[in-house]
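Worksheet: one structure, shown below.
Since the structure is predicted, the reported quantities are computational estimates derived from the model, not experimental observations.
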2 protein chains.
Amino acid sequence: VYIIGEKINGMFKSVREAIRNRDAKVIRDLAISQLAAGCDALDVNTGPSSSKPVEDMVWLVKTIREATSATLAIDSARASVIEAGIALAGAGSIINSTSAIPEKFEPLSDLAAKAKCRLICLTINEAGVPHTTAERAELGLMMIARAAEKGLEPTDLFLDPIVLPVAVDQKSAFVVLETLKEFQLVSNPPPHTVIGLSNLSQGTKERSLIDRSFLAMAVAYGLDSAILNPLDEELMRVVASTQILAGKTLYCESFVKAYLDSKEKRGA
Amino acid sequence: VYIIGEKINGMFKSVREAIRNRDAKVIRDLAISQLAAGCDALDVNTGPSSSKPVEDMVWLVKTIREATSATLAIDSARASVIEAGIALAGAGSIINSTSAIPEKFEPLSDLAAKAKCRLICLTINEAGVPHTTAERAELGLMMIARAAEKGLEPTDLFLDPIVLPVAVDQKSAFVVLETLKEFQLVSNPPPHTVIGLSNLSQGTKERSLIDRSFLAMAVAYGLDSAILNPLDEELMRVVASTQILAGKTLYCESFVKAYLDSKEKRGA
């Protein structure tokens with residue numbers, strides 16, 4: 001599983017304050033600790049309450065780059081903020097995210113093609129998140145086709161079936177599993193798949209437990225990337241074990257350590 | 001998930017000694033603690049080293065019956081031992097196990113029909129454990145058909161795709177997942193499915209982690225029963241969470257407690 005660390009996000013109070021106070025150490029420490037814990041890329045989001053999100057994003061990316069050259073996933077609802085982040089983060093970065101709504105898809109897929117970046121594609125349209133697997137797969141296929149016209153390969157895309165909080169919409173968890181499997185059939189080679197894992201457990205009292213169980217279930221359905229909290233050690237141990245059980249990495253006695261070590265080398 | 005507690009088994013040293021010394025308290029305590037931890041049925045196995053397994057099985061069942069009327073899974077490689085256990089355990093018990101080898105299947109399916117018991121069917125034949133999902137499903141279908149001739153419904157059977165130690169045969173874990181899904185298509189209504197979970201982690205240093213991750217993966221593929229260690233609290237929490245995520249039980253804030261409480265009422 002390609003792990004995108006979720007912690008550098010202004011929705012967390014400590015990050016919000018660090019952004020406001022331009023406290024570079026807090027941000028750099030979060031970058032380093034997440035990479036050390038085994039993630040492959042770092043999500044970067046100014047948070048919803050930022051009053052000058054472009055400036056904040058520029059500061060965040062510059063600050064993180066002082067600590068690491070790891071891949072960044074530039075995360076914002078606004079195209080202008082993503083553009084500013086990508087300009088600094090460079091080729092190979094991840095745009096988080098676009099959707100099947102044309103006004104969202106066109107500029108961000110153009111940017112991905114131009115800047116040689118990868119693109120997280122939410123399978124959502126004007127009507128919201130479709131209820132069925134078939135409709136979500138259709139949106140995924142449509143985005144793959146449109147992206148191809150711009151020179152983006154399916155493997156440049158991460159299709160996101162959209163995980164809803166289980167406390168709000170319990171049924172959607174299983175629909176997400178089936179959708180992950182379906183995504184692997186929409187093109188050859190298939191696109192990558194990604195979920196924003198911790199959205200699932202929002203509002204529950206057992207966040208880590210729910211995240212861990214669902215991560216294992218999703219890997220069994222072919223999930224190959226996730227945005228999650230890499231500082232949850234038990235979660236990362238589950239990630240390592242699912243790679244063994246799904247036959248993605250070779251079993252050895254110390255497979256957890258081997259998995260995290262291999263990640264650390266890549267992230268460094 | 002219908003949980004069959006695995007602890008009353010002579011392969012564990014403390015149980016082996018309790019059987020040898022006719023120490024009823026050890027056995028009764030294991031029965032009660034497993035049921036309190038949330039299992040639905042108790043596996044009963046004298047262990048491979050018993051020199052008088054029929055006598056030992058009779059003593060075990062009588063001893064357990066002094067403590068609980070819970071469902072028992074009478075577990076032995078010998079038909080004579082199973083017969084002796086089932087005679088005492090009564091209708092509704094589980095025979096653990098038969099296989100697609102005729103000399104194993106015929107007498108034990110006859111016994112299941114006559115004693116009104118359920119039957120765990122290993123998808124194994126004279127050649128051993130088949131490598132592919134299709135071959136295992138074929139053996140399952142054959143056993144369902146033969147059992148039907150004797151008046152057993154598909155729902156009286158638990159098909160077991162056979163979990164091999166991941167340290168020995170890493171690939172088979174994913175084959176088991178796909179086989180579990182296939183088993184649900186071989187009849188309508190489908191048979192139950194079961195795995196001997198802890199076999200998977202034999203010889204590894206991370207037994208609970210592997211068991212927990214695979215249990216979640218298997219439930220995502222439709223597993224509805226497992227022989228496992230219910231005294232592993234974290235494993236039972238994973239069981240509870242997978243039932244929520246697979247939509248098998250309704251979400252509530254205290255879903256772990258609700259799940260274990262409902263089990264305790266049934267097991268009592």
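The contact between A:I210 and chain B is made by backbone and side chain atoms together, counting heavy-atom distances below 4.5 Å. For B:V176, no part lies under 4.5 angstrom from a heavy atom of chain A. For A:E253, the parts lying under 4.5 angstrom from a heavy atom of chain B are both the backbone and the side chain. At a 4.5 Å heavy-atom cutoff, B:S201 makes no contact with chain A through either its backbone or its side chain.
Atom CD of A:E135 is surrounded by more than 12 heavy atoms from other residues, nucleotides or ligands within 6.0 Å. Residue-environment remark: CD (A:E178) exceeds the threshold of 12 foreign heavy atoms within 6.0 Å.
Summarising the geometry of B:Q170 relative to A:Y251, their closest heavy-atom pair is OE1-N, 2.8 Å, with the distance given to 0.1 Å. Between B:V166 and A:I244, the shortest heavy-atom distance links the atoms CG2-CG2, 3.8 Å. Between B:A216 and A:M217, the closest heavy-atom pair is O-CG, 3.2 Å.
Comparing A:A173, A:A240, A:S254 by how many heavy-atom pairs each has under 4.5 Å with chain B, the most go to A:A173. Ranked by non-hydrogen atom pairs under 4.5 Å with chain A, the options B:Y221, B:F174, B:F214 are led by B:Y221. Note on B:A167, B:C252, B:G247: by heavy-atom pairs under 4.5 Å with chain A, the leading option is B:A167. Of the residues considered (A:T242, A:L209, A:V238), A:L209 shows the highest number of contacts with chain B, using heavy-atom pairs under 4.5 Å.
Here B:L245 contributes atom CG and A:L215 contributes atom CG; the two are 11.5 Å apart, rounded to the nearest 0.5 Å.
In summary, A:E234 and B:R212 engage in a salt bridge, as defined by a charged side-chain N under 4.0 Å from a carboxylate O.
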